[in-house]
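Okay, so here's the structure we're looking at.
In what follows, residues are counted from 1 in the order of the sequence shown.
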Amino acid sequence: FAARTRSGIQVTGETNSVSDFTNAPAVTLVFGKGRSGKTSFVYKYLLNVEAACIFIYDKAGQAQRRLGLHPAGTAAECEAALATGCVCFNPHRMFPPQKLDAAFAWFCTWCLTASKRGPGRKVLFVDELWDECTPHNVPDELLAVIKGGRFDALEFIACTHRPREFPIALRSAVT
């Protein structure tokens, strides 16, 4: 990721209105038993994909350690990381333990908003999605990414152990 070029996404300011309603959706779910290589597979993909920006929700700090990324822990740090083409968000500094549930919703909204600021393919990766939603309870902010991210070239990738751990609203959107 260190060699990644600038994202082309504005760090602050208004959106560029780059929405393209003809974009095809891109929702990918990776599943398999524990220690089967799901996360490693996605990391290899992220290292090789051509994207204006990659967004990683890194609650466990695994991407930071395995990929040698500097984590963003605040909104300002997320904005600054846009220039690198990779935003690795670890929510623990911005959200205290009793508010950690709000972190994922915030990051989904922030990624969707940031994606509107510049052209090019963007990817949002969430490892162990089962920790952020249940089959019957999906954050509205995640649904907004799934349903509307394609208009701003925002793809979604997530990992879990079993497909049934993903909500039906998400499974039905898989491409």
Side-chain angles (χ1 to χ4, degrees), residues 1-13 18 26-32 34-97 99-133 139 141-142 144-146 149-150 152-161 166 170:
F1 284 116
R4 193 172 293 280
T5 59
R6 291 182 50 87
S7 69
I9 298 174
Q10 294 177 356
V11 174
T12 57
V18 296
V27 177
T28 304
L29 303 180
V30 180
F31 56 90
R35 302 204 39 86
S36 63
K38 301 177 299 292
T39 303
S40 295
F41 172 77
V42 174
Y43 286 162
K44 287 176 186 175
Y45 171 78
L46 294 177
L47 287 169
N48 290 291
V49 69
E50 289 188 30
C53 196
I54 294 172
F55 304 103
I56 302 172
Y57 186 71
D58 193 27
K59 187 164 75 173
Q62 184 178 174
Q64 167 195 338
R65 290 188 301 276
R66 289 180 62 182
L67 300 176
L69 300 172
H70 180 73
T74 65
E77 290 173 359
C78 287
E79 288 291 332
L82 280 173
T84 69
C86 182
V87 180
C88 179
F89 179 62
N90 186 317
H92 294 284
R93 285 200 353 251
M94 189 169 160
F95 293 88
K99 301 276 186 185
L100 204 53
D101 290 345
F104 181 66
W106 177 86
F107 191 62
C108 286
T109 299
W110 183 85
C111 290
L112 198 53
T113 302
S115 293
K116 295 176 184 302
R117 295 191 224 150
R121 179 185 198 181
K122 300 102 179 168
V123 180
L124 169 58
F125 171 57
V126 180
D127 197 11
E128 304 299 350
L129 184 62
W130 61 266
D131 201 27
E132 307 307 328
C133 59
E141 297 82 359
L142 174 59
V145 168
I146 300 300
R150 72 184 180 105
D152 299 299
L154 179 60
E155 300 176 14
F156 180 75
I157 302 174
C159 294
T160 198
H161 296 269
F166 288 102
L170 197 148

So do the side chains of [X] and [Y] get within less than 4.5 Å of each other, counting heavy atoms only?
| X | Y | value |
| --- | --- | --- |
| P139 | F104 | yes |
| Y57 | P91 | yes |
| T28 | Y45 | no |
| I56 | V87 | no |
| H161 | W130 | yes |

In Å and rounded to the nearest 0.5 Å, what is the [atom1] to [atom2] distance from [X] to [Y]?
| X | Y | atom1 | atom2 | result |
| --- | --- | --- | --- | --- |
| I54 | C111 | CD1 | SG | 12.0 Å |
| L142 | L129 | CG | CG | 6.0 Å |
| L154 | K116 | CG | NZ | 9.5 Å |
| L29 | I157 | CG | CD1 | 10.0 Å |
| I146 | F156 | CD1 | CZ | 4.5 Å |
| L124 | S115 | CG | OG | 8.0 Å |

Tell me the closest heavy-atom pair linking [X] and [Y], and the distance in Å.
| X | Y | answer |
| --- | --- | --- |
| L112 | G149 | CD1-CA, 3.7 Å |
| C53 | C86 | SG-N, 4.0 Å |
| P119 | A52 | O-CB, 3.5 Å |

*Of all residues at least two apart in sequence or in a different chain, which pass the salt bridge (charged side-chain N to carboxylate O under 4.0 Å, His left out) check with R121?*
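For R121, the residues satisfying salt bridge (charged side-chain N to carboxylate O under 4.0 Å, His left out) (neighbours in sequence not counted) are E155.
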
Taking only residues two or more places apart in sequence or in another chain, which ones pass salt bridge (charged side-chain N to carboxylate O under 4.0 Å, His left out) with E141?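 None.
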
| field | Inter- and intrachain pairs under side-chain hydrogen bond (donor to acceptor under 3.5 Å, both in side chains), touching residues 99-108, at least two apart | value |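 side-chain hydrogen bond (donor to acceptor under 3.5 Å, both in side chains) check on residues 99-108 returns no pairs.
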
Practice prompt. Tell me, please, which residues at least two apart from K59 pass side-chain hydrogen bond (donor to acceptor under 3.5 Å, both in side chains).
Written response: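 D131, E132.
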
Determine, using ring centers only, whether W110 and F89 are less than 6.0 Å apart.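 No, too far apart.
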
| Is it true that F125 and F55 have ring centroids separated by less than 6.0 Å? |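 Ring-ring flag for F125/F55: false, centres at least 6.0 Å apart.
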
Requested in this report: List for me each residue that meets side-chain contact (heavy atoms from CB on, under 4.5 Å) alongside T74, sequence neighbours excluded, and say none if there are none.
Outcome: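 side-chain contact (heavy atoms from CB on, under 4.5 Å) check on T74 returns A76, E77, R93.
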
- Message: Could you work out, with side-chain contact (heavy atoms from CB on, under 4.5 Å) as the rule, every residue matching H70, not counting sequence neighbours?
- Response: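 H70 satisfies side-chain contact (heavy atoms from CB on, under 4.5 Å) with no residue once adjacent residues are dropped.
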
Test your reading of the model: is there a side-chain donor-acceptor pair from [X] to the backbone of [Y], 3.5 Å cut-off?
| X | Y | result |
| --- | --- | --- |
| K122 | A153 | no |
| K38 | C159 | no |
| D58 | N90 | no |

- Message: R66 vs S40, test: side chain to side chain donor-acceptor pair (under 3.5 Å). Steps then yes/no.
- Response: CA-CA 9 Å; R66 289 180 62 182; S40 295; 2.5 Å; yes

